[in-house]
Amino acid sequence: EDPKNFLLFQQKRMSAFLFKSFLTELEDLRNVGIISEEYFEKRRKWILDAAGNSSREFEEYLNKFDIRFKNVYNKIYNNEK
């Protein structure tokens, strides 16, 4: 597997979990009446934009590097001995 693709996948997976957690917390605040629907929508958009921007920026930076995994990676993920 290409190291960059592996790192991109992991970054997107972990970021998605983080941003979904933010959205869940925001929904909870709205559902109990602590924040308004208008504030909810504004912050929701900000979170979604931040998620997309962070992924794009990470990918841009990642493309500036030549990345190789050590043999340990190949042994673990490709079942090499």
Residues 39-47 side chain polar contacts: donor-acceptor under 3.5 Å, at least two apart:
residue, atom, partner, partner atom, Å
Lys45, NZ, Asp49, OD2, 2.7

Listing request: all salt bridge (charged side-chain N to carboxylate O under 4.0 Å, His left out) pairs with a residue in residues 14-35, at least two apart in sequence or in separate chains. Arg30-Glu37
Should Leu8 and Leu18 be regarded as members of a common hydrophobic cluster, given that ILVMFWY residues are connected when their side-chain heavy atoms come within less than 4.5 Å of each other, either directly or indirectly? no
Report yes or no: do Tyr61 and Leu7 belong to one cluster of Ile/Leu/Val/Met/Phe/Trp/Tyr joined by side chain heavy-atom distances under 4.5 Å? no
Partners of Phe22 by ring-ring contact (aromatic ring centres under 6.0 Å, His included), sequence neighbours excluded? Phe19
Residues in side chain to side chain donor-acceptor pair (under 3.5 Å) with Asn53, at least two apart? Arg56
Those residues at least two apart in sequence (or on a different chain) that pass side chain to side chain donor-acceptor pair (under 3.5 Å) with Ser15 are Gln11
With sequence neighbours excluded, what pairs up with Lys4 under the side-chain contact (heavy atoms from CB on, under 4.5 Å) test? Asp2, Leu62, Asn63, Ile67
Which residues satisfy the side-chain contact (heavy atoms from CB on, under 4.5 Å) test with Gln10, sequence neighbours excluded? Phe6, Arg13, Met14
If you link I, L, V, M, F, W and Y whenever their side-chain heavy atoms are under 4.5 Å apart, who else ends up in the same group as Phe17? none
Arg68: partners by salt bridge (Lys or Arg N to Asp or Glu O under 4.0 Å), with sequence neighbours left out: Asp66
So, Ser55 side chain and Gly52 main chain: donor-acceptor pair closer than 3.5 Å or not? no
